[in-house]
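Step one of this worksheet: look at the structure below.
Below, chain A is the first sequence line, B the second, and so on; all start at residue 1. Any value given below was found using the heavy atoms of this structure, including those in side chains, with hydrogens, waters and symmetry copies removed.
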Amino acid sequence: MNILVTNPTSRLSREIVQVLTVSHEVELAAGPFSHEESQNELVKGADTVVHSLQDSPSMNESDALDQAMRQIYNLLFACVQEGVSRFVFLSSLSSMKEYPEEYMVNEKWKPLPSTEINGLCFHLAEFVCREYARERSIDVRVLRLGDLDWDGKLESGSVLYGADAVSGVIGAIECDLSPGSWAPASTWNVFHLQSRNSLRRSRFSTRKAELQLGFTPVSIEK
Amino acid sequence: MKVLILGSNGMLGPYVEKALQDDHHLILTDIQEEYEGNNEYLQLDVADLEGVVSAAEGVDAIVNLSVLRHDRKLAFDVNARGCYNVMKAAVHHGISRVINTGPHFTIAGPGYEDFEFNINSEIPSQSGTGLYAHTKSLGQEICRVFSENHDLHVITLLFYNFKESGDNMLSASDIDPNQFVPFSVTWEDAARAFPLSLEIPDDKLPSKCEIFNIFCDLPHGQFQNEKARRILDWEPTDNLEEYWKIDSL
Ligand SMILES: NC(=O)c1ccc[n+]([C@@H]2O[C@H](COP(=O)([O-])OP(=O)(O)OC[C@H]3O[C@@H](n4cnc5c(N)ncnc54)[C@H](O)[C@@H]3O)[C@@H](O)[C@H]2O)c1
């Protein structure tokens, strides 16, 4: 498979690329993603694009919104024009955290974004992805990631260890989703990804990712 | 009320200005330098966050008429980020009423319009990916999220097609079916929805974010305007029947 991964400054992107290069052709590309023809050249020949938002402290809120709305629109526009079949967007569980902690929340629950800029940007980027998926011209998979933790030190009810994040993303890239019992496979799929922690109950159900992407979160004793 | 209007120099702006100016203190703004009128006017780019926040100081309500339809960069800047800037300004100054505007496909994109009837404004938005619709839809989503997280009300008025009453009528054979939609309203009737939206008390609004289809009464049944009548008390005075009744065509 030919795979384009965006956001080279993110550790997750780099780790994904490292794993993927064993069995795929992979390119790592930095934004900003414009709407010129060069955009089409970038995605030409790719089977799958894995996209995430760049998180930079120097970015002001207008730039962050531009990245989350216009640039992802441009990227998807180019993907559809060039026949890229799959788009994996790395989002966040932040918009699901408003629910009271005693509930186990899955992908069927409505996102409740706040106006905090990072969370809002994830929500708006998902909004753009969803309209492209609805038109059925590209298969979009949104992975709502828990709080990423690379060294096992984070205190969070929705921690996602680095290795789990990588394996979840690989699953989303490689898995062909089977049709449901009542309908063909949807071009819009959201998956919640978080790790297991034997001391804390998971707030977010990862059952869908386990069943459909083969996601097997590790359990770390803390 | 002191009311800040953004994008006031467009086609709808002067009608809204006329409908509001007798009862409200207006501050009109637009990206254009020139303004021909007697109200206070300021050149303002809705995509400039600081500019919008600063212009909104001391006002009681904001009306957003700004729109940019074709350029991909500017459409996002004006239609989507512009709404973010409006909402940030409202939160910053404690402004509790915002009137947003847009086309019907802000929520009812081709997935509804090409297939459905009885389309009201309570439906979950499905703009599709068309630039104008999608950027306006993102703007509306930003307004909705702000209204759910802050102490303010947003009223969104959706239009599709404006007509001059009786004037400039085309002969039936010249009519473009894509433009000849029954979701139409006269400019004057459209403008009459603005004072109603500014003045309706919070407790008469079912939620902090309400969307209304504004168009005249015709028996087509594709879209519904009942909510505007029931909640805003808006009534069309001209049903544009001369455009549709065979005897007058
Ligand atoms: N005219 C129609 O047929 C129609 C149909 C459906 C909905 N609408 C909606 O009605 C509202 C008013 O539309 P209109 O017909 O007056 O549009 P218009 O294009 O005539 O006017 C838009 C105004 O926005 C201004 N503008 C553009 N960029 C700006 C920026 N960066 N900062 C500030 N102002 C900027 C323009 O200068 C212009 O004066 C819009 O929300 C539009 O989507 C219009």
Side-chain angles (χ1 to χ4, degrees), chain A residues 32-37 39-40 59-81 87 94-99 110-138 140 187-188, chain B residues 45-53 68 70-88 90-92 105-107 109-112 114-115 124-152:
Chain A
F33 301 105
S34 67
H35 58 267
E36 282 110 43
E37 262 177 39
Q39 197 57 67
N40 286 34
M59 209 182 267
N60 64 30
E61 52 201 305
S62 296
D63 294 340
L65 288 163
D66 182 68
Q67 181 186 215
M69 299 190 289
R70 185 183 65 91
Q71 291 188 42
I72 197 166
Y73 180 94
N74 288 339
L75 198 53
L76 276 156
F77 191 93
C79 285
V80 169
Q81 281 199 329
F87 190 87
S94 59
S95 64
M96 311 308 286
K97 289 183 178 173
E98 271 300 297
Y99 286 106
K110 178 180 130 178
L112 299 175
S114 74
T115 55
E116 180 276 321
I117 190 69
N118 291 322
L120 182 63
C121 281
F122 282 120
H123 176 69
L124 295 171
E126 285 190 16
F127 191 95
V128 178
C129 290
R130 199 181 56 193
E131 287 311 303
Y132 273 95
R134 205 194 297 282
E135 291 178 349
R136 305 191 73 83
S137 40
I138 189 161
V140 180
T187 49
W188 172 245
Chain B
D45 178 356
V46 72
D48 166 14
L49 174 58
E50 279 176 29
V52 175
V53 171
L68 205 292
H70 298 301
D71 178 284
R72 211 179 304 161
K73 168 91 172 70
L74 296 178
F76 276 91
D77 288 351
V78 174
N79 305 344
R81 267 199 317 104
C83 282
Y84 178 82
N85 298 345
V86 167
M87 299 313 288
K88 280 289 275 196
V91 171
H92 184 84
F105 48 30
T106 300
I107 56 166
Y112 288 108
D114 296 353
F115 296 89
S125 78
Q126 293 191 12
S127 64
T129 61
L131 183 64
Y132 175 26
H134 190 61
T135 50
K136 276 287 189 177
S137 192
L138 278 162
Q140 176 58 27
E141 179 66 2
I142 290 169
C143 292
R144 187 190 68 79
V145 172
F146 269 84
S147 74
E148 293 202 342
N149 286 276
H150 298 279
D151 190 16
L152 51 82

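- The nearest pair of heavy atoms linking B/Arg72 to A/Arg70 is O-CD, 4.1 Å.
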Trace of the side-chain contact (heavy atoms from CB on, under 4.5 Å) decision for A/Leu120 with B/Tyr84: CA-CA 10 Å; A/Leu120 182 63; B/Tyr84 178 82; 3.7 Å; yes
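- Listed here is the closest heavy atom pair of A/Ser62 and B/Leu49: OG-CB, 4.4 Å.
- Annotation for B/Leu138 and A/Leu124: closest pair CD2-O, 3.9 Å, computed over non-hydrogen atoms.
- A heavy-atom distance below 4.5 Å is not found between the side chains of A/Phe77 and B/Thr129.
- Atoms CZ and OG, on A/Arg130 and B/Ser127 in that order, are 8.5 Å from each other to the nearest 0.5 Å.
- Environment of CD in A/Glu37: sparse, with no more than 12 heavy atoms of neighbouring residues, nucleotides or ligands closer than 6.0 Å.
- Put simply, of B/Gly111, B/Ala47, B/Ser137, B/Gly109, the one with the most heavy-atom pairs under 4.5 Å next to chain A is B/Ser137.
- Interface remark: A/Glu98 contributes no atoms to any contact with chain B (heavy atom separation under 4.5 Å).
- The 12-atom threshold is exceeded at CG of B/Asp71, counting heavy atoms of other residues, nucleotides or ligands nearer than 6.0 Å.
- For chain A, no part of B/Thr135 is nearby; none of its heavy atoms comes within less than 4.5 Å.
- Side-chain contact between A/Met69 and B/Ile142 is present, with at least one heavy-atom pair separated by less than 4.5 Å.
- Of the listed residues (B/Lys88, B/His150, B/Glu148), just one forms a side chain to side chain donor-acceptor pair (under 3.5 Å) with A/Thr115, and that residue is B/His150.
- A salt bridge (charged side-chain N to carboxylate O under 4.0 Å, His left out) check over residues 124-138 of chain B, counting only residues at least two apart or in different chains, returns nothing.
- Both the backbone and the side chain of A/Asn74 come within contact range of chain B, judged by heavy atoms closer than 4.5 Å.
- Under the salt bridge (charged side-chain N to carboxylate O under 4.0 Å, His left out) criterion, B/Glu50 pairs with no residue at all, not counting sequence neighbours.
- Side-chain contact between A/Tyr73 and B/Leu131 is present, with at least one heavy-atom pair separated by less than 4.5 Å.
- Neither the backbone nor the side chain of A/Val80 comes within contact range of chain B, judged by heavy atoms closer than 4.5 Å.
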